[in-house]
Structure formats: C-alpha cells, structure tokens
Undergrad: 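Pasting a structure here, questions to come.
Since the structure is predicted, the reported quantities are computational estimates derived from the model, not experimental observations.
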Amino acid sequence: MNWKRPGSLRLRNDSRTESGLVKSETPVKKEMAFYIILLLLRARVCYFICMCYFCSYEMVIMKNLFRTVSVIALAGWFLACSERKSEACYEIIPAPLEIRENFSGGEFVLDDGVCIVYPGENEAMRHNALFLADYLKAATGRDYRVETGSRGKKNVTLQLDSSIKNPEGYRVNVSASGVVIAGASEAGVFYGIQTLRKAIPVKANSVPVLTAVGIEDEPRFGYRGVHLDVCRHFFTVDEVKKFIDMMVLHNMNRLHWHITDDQGWRIEIRHYPELTKVGSRRAETVLGRNTNIYDGIPSGGYYTQRQIRDVVAYAAERFITVIPEIEMPGHASAALAAYPWLGCAGEGYIVRTRWGVFPEVYCAGKDSTFEFMENVLAEVCELFPSEYIHIGGDECPKQSWTSCPACQQRIRNERLEHENELQSYFVHRIEKWLNARGRNLIGWDEILEGGISKTATIMSWRGADGGVAAAKAGNQVIMTPNTHCYLDYFQTQEPERLEPLGIGGYVPVRKVYSFDPYDRLSSAEQSCIQGVQGNIWTEYIASFAHAQHMALPRLAALAGVGGACDRRDFGDFTRRMTVFRKLYDKCGYRYASYFFDGTGE
C-alpha cells in the first residue's frame with residue numbers, strides 16, 4: 001500500500017528574502033544608464049580634442065553641440081524606459097467599506113521625492129511609517145524617506161483622527177498634493193497602510209501612480225483570528241513569524257497559538273522543566289491515517305520563554321494579539337508523561353505518537369493538579385499580555401474520573417451530579433483564578449455541557465450550534481465551525497487525486513466565504529458574536545509550505561467574512577482574487593491553486 005506522507009506536497013522552491021518577499025530584480029538599469037552616459041561623454045571629449053587639432057574651432061563646436069545633445073537625449077530615453085510607471089488598483093481584499101473616485105483630483109506619483117511623515121513621539125506610528133517604507137521598497141525597489149512632522153504636500157502623511165469611531169477604522173485620501181492615511185488608532189492607520197500596500201502593483205524599478213480617491217473602511221468584527229497548531233507538527237520561530245505576516249496581509253488580528261497537546265508540549269515552563277525535557281518529544285510519528293506503520297524518527301521542539309516574547313512582540317508591532325491555548329483537562333498526554341502524578345493512574349503515560357482523542361486526562365480530584373495548572377498559567381500570563389487565555393476544554397474523556405477515588409470524592413464534596421459537572425467545576429475553578437488576575441477564559445464549545453459562567457467566552461467548532469446556544473444565553477462567542485472555518489479540511493471534491501494527505505472534510509473557498517456568523521440570531525443576540533476564526537490543525541501538515549497551501553487562498557475568503565461580511569459578493573471576490581494572487585506570488589507564498597485553475601471552488 002502507498003501512503004502519502006504529511007507535508008509531502010511538492011511546491012516551487014523560489015529564493016526568498018528573510019522577510020518572505022521574493023527578491024526583486026536587481027535595479028541595474030539606472031546604473032547601466034549612468035555608465036553609458038559616462039562612456040559616451042568620455043568618447044565625446046576625446047573626439048572634441050581630435051577635432052580641435054584637425055578642424056576649425058567653429059565647426060568643432062557645432063558638431064559637438066549636436067552630438068552631445070543627442071547623447072543626453074539618448075540617456076534620458078534610457079532612464080525613462082528604466083522607470084516604468086505602474087498604476088494603483090484599489091480592488092483589494094477585503095473589500096473596503098467605501099471607495100469614492102475623485103475625477104477632478106488628478107493623480108499622485110510616488111517618486112523619489114516623496115517622504116512618509118508621521119507624528120513625532122509616537123513609537124507605534126514610527127513603526128507604521130517604517131512598515132510602509134518597507135512595503136513600498138519591496139514593491140518598487142525604491143527607498144522612501146521617513147520623517148516626523150505634520151501634514152505636508154507631496155508626501156504620504158500618517159495621522160490619528162478621533163472623528164473615526166471604530167478603533168480599527170481608517171481613511172485613505174489620495175489627491176495630486178499627496179496621500180493622507182488617518183486612523184482612529186495606530187491600528188487603524190496600520191490597516192490603512194495595508195490598503196495602500198495592496199493597491200500598489202509589485203513591479204521592480206517602477207514609479208507608482210495613485211489615482212485620486214477617497215477610501216473609508218472599518219472591520220465588521222473586532223476579532224478576526226487564525227488558529228495554528230504547533231503540537232502535532234512543530235514550526236520554527238521564523239515560520240510562525242511568516243505565518244503572522246500572512247495574517248497581516250489579510251487584516252487578521254488574533255493568532256490563536258495551540259501550544260500544548262497529546263503529541264507535544266511546546267512552551268518552556270521554568271517551574272516544571274520536565275514539560276519540555278520529556279513532554280516536547282515523541283518517539284516517532286504514525287504514517288497515513290493512523291495505520292500501524294511509523295516513521296521511526298523522533299520528533300520534538302519547543303519555544304523558550306525568550307522566543308515566545310519575541311513572537312508576541314513581533315505580532316504586537318503588527319497589531320496582532322497572540323492568544324495561547326493550554327489544553328485542560330483533556331489532551332494532556334504530553335504533560336502526564338512528564339509528570340505522571342498529574343493523572344488519575346499516576347503512571348504509564350507517553351507522549352502520543354498517533355492522532356486522536358486519548359483517555360488520559362488531568363485528575364480533577366487532586367488539589368496538586370490545580371496547583372500545577374495555576375503555576376503554569378502564572379508563567380503563561382507573564383509571557384502573553386492577551387486579555388484571553390484559552391484553556392481548551394474539548395474532547396475530554398471521563399472514563400478515568402469514573403474509577404478515580406479522588407475524582408469521585410470531589411464530586412461528592414462539591415455536590416456535583418456527574419462527571420460532566422466535574423469538568424465544569426474544573427473550568428470554573430481555573431476561570432476564577434484567571435479573572436482574579438485580570439484575564440478572561442476562552443474554551444471550546446464542550447465546556448457548555450456542564451454549565452458555564454456568564455463571563456466565559458465560547459469558541460464554537462462543532463458546527464455553529466454551540467455558538468448559537470451560547471449567544472442566546474448571553475455569553476460572548478467566537479465562531480469557528482468546522483463546516484466553514486477548518487482550513488485543514490480538503491479544498492476539492494477529488495482529494496485523493498488532487499491533494500496531499502489530509503484529515504478529511506470539504507471546505508472550499510466558496511464555502512468559507514459564504515459563512516454567516518449571525519445565522520439564527522436576533523439583532524440583540526448578534527452583539528454576542530465577537531468574530532470569526534479559521535483553524536489549522538496539523539496532524540497531516542508536517543511542513544510550513546503545506547500549512548501555507550492549506551491556509552491560502554481560503555484565508556482571503558475568511559478575511560472577507562471577518563472584515564466585510566455585510567458587503568460580500570462572491571463574483572466580485574473572485575475577480576479581486578485574480579489581482580490579489582499576484583501578491584501571493586511576490587511574497588513567495590505556497591498557496592493552493594485549486595480555486596484559480598477550476599479544480600476547486
């Protein structure tokens with residue numbers, strides 16, 4: 001039998017810069033023109049000397065004047081050819097709320113004299129200005145000056161505007177006298193910069209020409225997330241940063257970082273060093289869909305606290321909040337392998353080498369379990385300033401609790417009805433600890449089963465039913481149903497023929513784009529929906545190239561839901577994607593082609 005190995009997808013291997021952008025062609029045309037002028041002028045000087053020796057002075061002057069003018073004209077033509085103009089296209093993704101063309105406003109040319117101006121003594125705005133300069137250089141090969149100051153002509157001016165009400169809202173105004181990007185906050189300005197970035201064609205040695213226009217935009221949802229599982233297969237810090245860059249291109253603002261699970265514990269906890277010494281490594285990995293064949297290769301990896309701070313800071317500079325997920329009370333095999341006393345049996349645990357749901361869970365009857373969880377979360381809270389901490393809560397088998405004397409005693413002491421309520425007790429206790437430290441809890445929709453507090457936020461993954469129920473009960477909800485938002489599902493209807501090995505399901509671009517987070521909710525209940533999230537689980541995704549293949553272009557469709565779900569048109573989206581795809585190419589992203597070549601929809 002033949003099995004496709006996870007990550008076996010064969011993709012292009014282009015050379016990249018460290019930022020993930022394809023290196024632009026070396027800007028040699030200007031240098032060539034300069035040297036041609038120099039050589040021609042030197043030849044003219046020699047010719048002039050010779051002519052002075054053999055001919056009359058007046059004849060020499062006239063001939064050389066004519067020929068020198070010809071040389072300069074030729075060099076000017078060469079320079080003009082080397083600096084092609086490229087016209088901006090404002091049909092970007094996600095589609096802005098409003099675009100008004102100003103037919104009397106002319107156009108603005110982003111030539112070498114343009115400066116990017118930002119208000120002084122604002123570090124976030126300085127970063128914004130530097131980002132814009134980097135984006136423009138990547139697109140055109142040109143360097144643009146960055147300076148502090150107020151609004152001026154013939155510049156790109158970044159500024160804050162308190163009249164914009166949505167905290168991530170922005171305006172971009174282009175006229176013949178310059179560009180003004182204004183936002184309600186530094187984040188709003190950043191998204192305005194993304195709009196300008198996406199509108200400018202990526203052409204080396206080009207001079208962007210911006211048609212006069214007024215753009216206003218604000219995202220429909222404040223939470224626009226992407227989930228990345230690094231437990232089933234580990235990704236390096238550089239790869240996680242590239243993933244964040246992909247999110248930036250799509251105006252996503254929450255990275256849900258899944259860093260503990262049965263197959264690997266990926267975060268350094270100094271109080272419990274065995275979590276990474278033992279829990280971060282598994283002996284081997286199953287091949288195929290849980291066959292009895294293994295690769296025989298040890299697999300591991302984890303992030304030091306210094307690396308985590310680096311990733312969190314990198315994301316924050318780009319206005320992305322990183323939300324960690326520390327799984328409990330289930331999906332705990334890696335932690336139990338490191339510290340067996342955390343389980344009900346107290347022995348016999350391993351870091352799992354297969355995929356699925358396993359019976360080994362944290363013992364809910366021992367106080368030492370909660371002491372462990374609180375110590376872990378104390379370090380997690382120091383590393384992640386996020387308002388939310390995700391505690392999982394999904395797929396928790398309760399067989400071990402039914403036979404555990406400590407768990408059964410806990411049920412009696414707390415006057416609980418059954419093991420589902422014991423899980424609810426576990427979640428409540430952790431939530432109370434988090435709330436006391438100014439943090440809020442997120443859990444998968446299973447935490448609804450034993451009852452939850454009004455302050456818990458539900459992440460609805462088993463379809464939208466859990467989210468609908470939670471919203472009707474008044475809880476905050478993030479919609480991420482597997483029916484529309486699982487980006488590790490197949491993208492075509494012929495996966496065995498067209499796609500690498502995957503977990504199953506079918507979520508094409510059209511399906512993602514069609515998702516309605518408000519379905520079955522009244523206008524009052526809709527206020528409980530914080531936003532949407534796409535999930536990438538990596539049981540069958542062993543390489544970062546494969547992860548990109550699964551995320552793109554479906555992430556663009558999700559951006560349309562999170563940013564513009566009240567103004568969607570799939571035909572218009574499809575047309576915009578033909579342009580947006582060029583950015584994928586220039587960034588070197590290994591996106592799936594099914595949507596573009598007609599094998600997917």
Undergrad: So if I apply the side-chain hydrogen bond (donor to acceptor under 3.5 Å, both in side chains) rule between Tyr388 and each of Arg254, Gln530, Glu325, His256, which one comes out positive?
TA: Gln530
Undergrad: Hey, mind stepping through His250 and Tyr591 against ring pair (Phe, Tyr, Trp, His ring centres under 6.0 Å) and telling me if it holds?
TA: CA-CA 14 Å; His250 296 83; Tyr591 59 91; over 10 Å; no
Undergrad: Please answer whether the main-chain N or O of Leu249 pairs with a side-chain N or O of Lys198 as donor and acceptor at a distance below 3.5 Å.
TA: yes
Undergrad: Just checking, Arg581 and Phe596: is the charged tip under 6.0 Å from the six-membered ring centre and within 45° of the axis?
TA: yes
Undergrad: Which heavy atom of Ile478 sits nearest to which heavy atom of Val532, and what is that distance?
TA: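 In terms of heavy atoms, the two residues are closest at CG2-C, 4.3 Å.
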Undergrad: Is Arg567 paired with Asp217 through a side-chain N to carboxylate O contact shorter than 4.0 Å?
TA: yes
Undergrad: Tell me whether Glu91 is salt-bridged to Arg576, with the criterion being a basic N under 4.0 Å from an acidic carboxylate O.
TA: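 Here Glu91 does not pair with Arg576 in a salt bridge, since their nearest N and O are not under 4.0 Å apart.
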Undergrad: Any luck finding a side-chain donor-acceptor pair between Gln194 and Tyr135 under 3.5 Å?
TA: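 Yes, a side-chain donor-acceptor pair sits under 3.5 Å.
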Undergrad: Counting only N and O atoms by type, is there a donor-acceptor contact under 3.5 Å from the side chain of Glu218 to the main-chain atoms of Leu97?
TA: no
Undergrad: Find out whether Met550 and Ile541 are in side-chain contact, i.e. whether some heavy atom of one side chain is under 4.5 Å from a heavy atom of the other.
TA: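 Touching, per the 4.5 Å side-chain cut-off.
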Undergrad: Between Phe490 and Tyr506, is the ring centre distance below 6.0 Å?
TA: no
Undergrad: Could you go step by step and tell me if Glu494 and Thr599 meet the side chain to side chain donor-acceptor pair (under 3.5 Å) rule?
TA: CA-CA 9 Å; Glu494 297 183 83; Thr599 53; over 6 Å; no
Undergrad: Backbone N or O of His549 within a donor-acceptor pair of the Gln491 side chain at under 3.5 Å?
TA: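 Pair found, side chain donor or acceptor close to backbone of His549.
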Undergrad: Please name the pair of heavy atoms, one in Val322 and one in Ala315, separated by the smallest distance, quoted to 0.1 Å.
TA: CG2-CB, 3.6 Å
Undergrad: For the residue pair Asp238 / Thr236, report whether a side-chain donor-acceptor contact shorter than 3.5 Å exists.
TA: no
Undergrad: Any idea which heavy atoms bring Asn155 and Gly113 closest together, and the distance?
TA: OD1-O, 4.5 Å
Undergrad: Do the charged groups of Glu98 and Arg100 touch, with an N to O distance under 4.0 Å?
TA: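 Salt bridge: yes.
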Undergrad: Within 45 degrees of the ring normal and closer than 6.0 Å to the centroid, is that where the cationic atom of Arg318 sits relative to Tyr314?
TA: yes
Undergrad: Could you report the tightest heavy-atom contact between Glu186 and Asn122, atom names first, then the distance?
TA: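 Of all heavy-atom pairs spanning Glu186 and Asn122, the closest is OE2-ND2, 3.0 Å.
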Undergrad: Check Arg126 with Glu123, please: is the shortest side-chain N to carboxylate O separation under 4.0 Å?
TA: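 Salt bridge present between Glu123 and Arg126.
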Undergrad: Hey, is the main chain of Val189 close enough, under 3.5 Å, to the side chain of Asn128 for a donor-acceptor pair?
TA: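 Not a single qualifying donor-acceptor pair exists.
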Undergrad: State, without any angle test, whether Tyr118 and His127 hold a side-chain donor-acceptor pair at a distance under 3.5 Å.
TA: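 There is no such pair (donor and acceptor under 3.5 Å, judged by atom type) between the side chains of Tyr118 and His127.
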Undergrad: Should the pair Asp111-Arg142 be classified as a salt bridge under the 4.0 Å nitrogen-to-oxygen rule?
TA: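 Looking at Arg142 together with Asp111, the answer is no, because their closest N to O distance does not fall below 4.0 Å.
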Undergrad: Under a 4.5 Å cut-off applied to non-hydrogen side-chain atoms, are Thr538 and Asp488 in contact?
TA: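 Answer no - side chains too far apart.
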Undergrad: Between Phe221 and Tyr518, does a ring pair (Phe, Tyr, Trp, His ring centres under 6.0 Å) hold up when you go through it step by step?
TA: CA-CA 11 Å; Phe221 293 106; Tyr518 290 147; 5.4 Å; yes
Undergrad: Under a 3.5 Å threshold, yes or no: a donor from one side chain and an acceptor from the other, between Glu168 and Asn251?
TA: no
Undergrad: If you measure only the distance, is there a donor-acceptor pair under 3.5 Å linking the side chains of Glu101 and Thr211?
TA: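 Distance-only check fails for Glu101 and Thr211.
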Undergrad: Look only at the side chain of Arg568 and the backbone of Asp566, and say whether a donor-acceptor pair between them is shorter than 3.5 Å.
TA: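 No; zero donor-acceptor contacts below 3.5 Å.
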Undergrad: Stepwise, does the ring pair (Phe, Tyr, Trp, His ring centres under 6.0 Å) test hold for Tyr513 with Phe570?
TA: CA-CA 7 Å; Tyr513 193 76; Phe570 189 69; 5.7 Å; yes
Undergrad: Parallel, tilted or perpendicular, judged at 30° and 60°: which one describes the rings of Phe190 and Phe131?
TA: perpendicular
Undergrad: Parallel under 30°, tilted from 30 to 60°, perpendicular over 60°: which one fits the rings of Trp537 and Tyr486?
TA: tilted
Undergrad: For Arg171 versus Ser163, what's the shortest heavy-atom pair and its separation?
TA: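 So the two residues come closest at NH1-OG, 3.4 Å.
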Undergrad: Do the side chains of Val207 and Leu110 get nearer than 4.5 Å, heavy atoms only?
TA: no
Undergrad: Let me see the working for Leu487 and Asn535 under side chain to side chain contact (heavy atoms under 4.5 Å, CB included), right down to the final yes or no.
TA: CA-CA 6 Å; Leu487 306 185; Asn535 293 342; over 6 Å; no
Undergrad: When you check the gap from the basic side-chain N to the acidic O, do Asp572 and Arg575 get nearer than 4.0 Å?
TA: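 Here Asp572 pairs with Arg575 in a salt bridge, since their nearest N and O are under 4.0 Å apart.
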Undergrad: Do Tyr584 and Pro553 touch side chain to side chain, with heavy atoms closer than 4.5 Å?
TA: yes
Undergrad: Indicate whether any N or O donor in one side chain lies under 3.5 Å from an N or O acceptor in the other, for Gln159 and Asp161.
TA: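 On atom types as modelled, these side chains do not qualify, holding no pair under 3.5 Å.
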Undergrad: Yes or no on side chain to side chain contact (heavy atoms under 4.5 Å, CB included) for Phe108 and Val114, after CA distance, side-chain angles and deciding distance?
TA: CA-CA 10 Å; Phe108 181 67; Val114 172; 3.7 Å; yes
Undergrad: Is NZ or CZ of Arg197 both nearer than 6.0 Å to the six-membered ring centre of Tyr90 and within 45° of the ring axis?
TA: no
Undergrad: Give me the ring orientation class for Trp257 and Tyr303: parallel if the planes are under 30° apart, tilted from 30 to 60°, perpendicular past 60°.
TA: tilted
Undergrad: When the ring planes of His227 and His258 are compared, do they come out parallel, tilted or perpendicular, using 30° and 60° as the limits?
TA: tilted
